[in-house]
Amino acid sequence: MSAPVLPDGIVIRDATQADAAPLEPVIRMADPDNLDGSWRQLPSAIGQSLDPEKLTHVRVVEETSSGALVGGMMALPAAWAFTHPMLMGSPNAHIIAGLVASLDSLAVVDAWRRKGIARALVAEAEKSMSAHAAGKLGAAVLYATHEPELTDFYAGLGFTLSPDGIGIPTPAGFICHGPIKGYRFSVKPLRTAVQMEPLPTPYGRQLVIRGVLPVPAR
């Protein structure tokens with residue numbers, strides 16, 4: 001996905017620790033009613049994003065004339081891998097978390113919406129999560145948990161909707177993860193070898209993703 005051209009007077013840059021306080025109310029707009037939302041981990045996420053060994057990226061959208069932050073997003077490894085029943089305590093949790101990336105807390109203030117900034121932030125997430133600064137492989141897929149009204153937005157960017165979440169075949173078995181009730185789950189491959197197909201699973205009709213990990217032939 002090529003990044004849209006940004007409006008004049010707008011830049012997207014890496015977040016710094018000085019951005020944590022002004023960025024918090026901006027990204028809280030992505031989930032304003034959730035008092036335990038991802039915004040709570042913003043300072044630690046920014047700290048990790050400054051470490052080239054970490055597959056975590058926080059970006060801010062800055063209005064150059066005023067220095068105001070008018071948008072932002074976090075792209076993170078899949079935190080749910082560390083609490084998944086099949087992965088808890090296993091080194092495979094770190095592997096899955098790194099291969100399945102989450103686009104989190106993407107938000108743009110009202111005055112700058114519908115100008116291509118959100119699309120540019122998604123493109124930035126895809127670019128940053130699909131590669132690793134240390135030359136290692138990045139994430140294989142990127143997913144977003146979002147409100148139903150954003151389904152068309154993500155579909156227009158090449159994401160596939162899976163209301164009941166995802167299933168990933170692994171050598172250890174079939175790992176499933178679903179969205180929060182009332183939200184939708186859209187996924188995009190970041191590698192050509194990744195294939196996705198909606199199939200029935202014990203947890204609903206999920207998007208089964210193959211090619212994330214090598215699975216022994218049957």
Side-chain angles (χ1 to χ4, degrees), residues 1-16 18-43 45-46 49 56-76 78 100-131 138-139 141-163 165-166 179-190 196 207:
M1 172 184 171
S2 59
V5 177
L6 291 170
D8 291 339
I10 288 293
V11 296
I12 295 177
R13 60 171 176 80
D14 295 346
T16 68
D19 295 317
L23 183 59
E24 179 187 311
V26 176
I27 66 169
R28 284 189 70 173
M29 294 189 302
D31 195 9
D33 299 323
N34 186 358
L35 298 180
D36 295 316
S38 298
W39 58 271
R40 286 190 174 275
Q41 61 180 304
L42 181 58
I46 291 176
S49 74
T56 296
H57 301 276
V58 184
R59 300 289 189 267
V60 299
V61 183
E62 184 177 47
E63 189 179 50
T64 55
S65 61
S66 65
L69 302 187
V70 298
M73 67 84 180
M74 296 190 291
L76 312 167
V100 183
S102 168
L103 175 58
D104 204 311
S105 301
L106 187 152
V108 179
V109 301
D110 288 344
W112 285 102
R113 290 179 181 173
R114 298 178 179 84
K115 299 180 186 298
I117 296 174
R119 291 175 176 267
L121 284 170
V122 175
E124 184 69 24
E126 292 180 25
K127 178 182 176 181
S128 59
M129 297 305 280
S130 63
V141 295
L142 177 69
Y143 74 87
T145 302
H146 56 83
E147 294 85 352
E149 57 267 26
L150 291 176
T151 298
D152 289 344
F153 167 76
Y154 284 105
L157 298 177
F159 285 70
T160 299
L161 176 68
S162 179
I166 58 174
I180 301 169
K181 184 178 180 180
Y183 289 80
R184 295 292 181 265
F185 202 93
S186 292
V187 191
K188 184 173 183 178
L190 298 180
M196 306 191 304
L207 199 63

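Judged by distance alone, with hydrogens and angles left aside, the side-chain atoms of H57 form a donor-acceptor pair with the main-chain N or O of S128 at under 3.5 Å. Under the 3.5 Å distance criterion, the side-chain polar atoms of S130 are left unmatched by any main-chain donor or acceptor of A139. Without hydrogens or angle criteria, S162 side chain to L207 main chain gives a donor-acceptor distance under 3.5 Å.
Closest non-hydrogen pair, P189 versus M196, comes out as CD-CE, 3.6 Å. Counting all heavy atoms, side chain and backbone alike, V60 lies closest to A15 at CG1-CB, 3.8 Å. Taking both residues in full, the closest heavy atoms of E62 and G67 are given as OE2-O, 3.6 Å, listed atom of the first, atom of the second, then distance. Contact between P148 and G182 at its shortest, heavy atoms only, is CD-O, 3.5 Å. The two residues A120 and L6 come nearest to each other via the heavy atoms CB-CD2, 3.7 Å. Closest heavy-atom contact between P22 and A18: CD-O, 3.5 Å.
Within the 4.5 Å cutoff, side-chain heavy atoms of V58 are placed close to those of L42. With a 4.5 Å cut-off on side-chain heavy atoms, V108 and L121 count as touching. In this structure, the side chains of L76 and Q41 come closer than 4.5 Å at one or more pairs of heavy atoms. Between T151 and H146 the shortest side-chain heavy-atom distance falls below 4.5 Å. You'll find the side chain of V26 stays beyond 4.5 Å of the side chain of V70, heavy atoms only. Using a 4.5 Å cut-off on side-chain heavy atoms (C-beta onward), L69 and V61 make no contact. Side-chain contact check for I166 versus V100: some heavy-atom pair is nearer than 4.5 Å.
To the nearest 0.5 angstrom, I117 atom CD1 is 12.0 Å from R114 atom CZ. Here the CD1 atom belonging to I10 is positioned 5.5 Å from the CD atom belonging to E63, to the nearest 0.5 angstrom. From I12, atom CD1 reaches atom CD of E124 across 6.0 Å, with rounding to the nearest 0.5 Å. A distance of 10.5 Å separates CG in L106 from CE in M74, rounded to the nearest 0.5 Å. Between the OH atom of Y154 and the CG atom of L142 there is a distance of 8.5 Å, given to the nearest 0.5 Å. Here T145 contributes atom OG1 and Y183 contributes atom OH; the two are 9.5 Å apart, rounded to the nearest 0.5 Å.
For the residue pair Y143 and D104, no side-chain donor N or O sits within less than 3.5 Å of a side-chain acceptor on the partner.
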For the pair L157 and R119, evaluate side chain to side chain contact (heavy atoms under 4.5 Å, CB included) and give the outcome as yes or no after the intermediate values. CA-CA 8 Å; L157 298 177; R119 291 175 176 267; 3.0 Å; yes
Please lay out, stage by stage, how E147 and R184 fare under the test salt bridge (charged side-chain N to carboxylate O under 4.0 Å, His left out). CA-CA 6 Å; E147 294 85 352; R184 295 292 181 265; over 6 Å; no
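Of the charged side-chain nitrogens involved, at least one lies within less than 4.0 Å of a carboxylate oxygen, so that E126 and K188 count as a salt-bridged pair.
Partners of K115 by side-chain contact (heavy atoms from CB on, under 4.5 Å), not counting sequence neighbours, listed by chain and number: P7, W112. Every residue two or more places apart in sequence or in another chain that forms a side chain to side chain donor-acceptor pair (under 3.5 Å) with T16 is listed here: D19.
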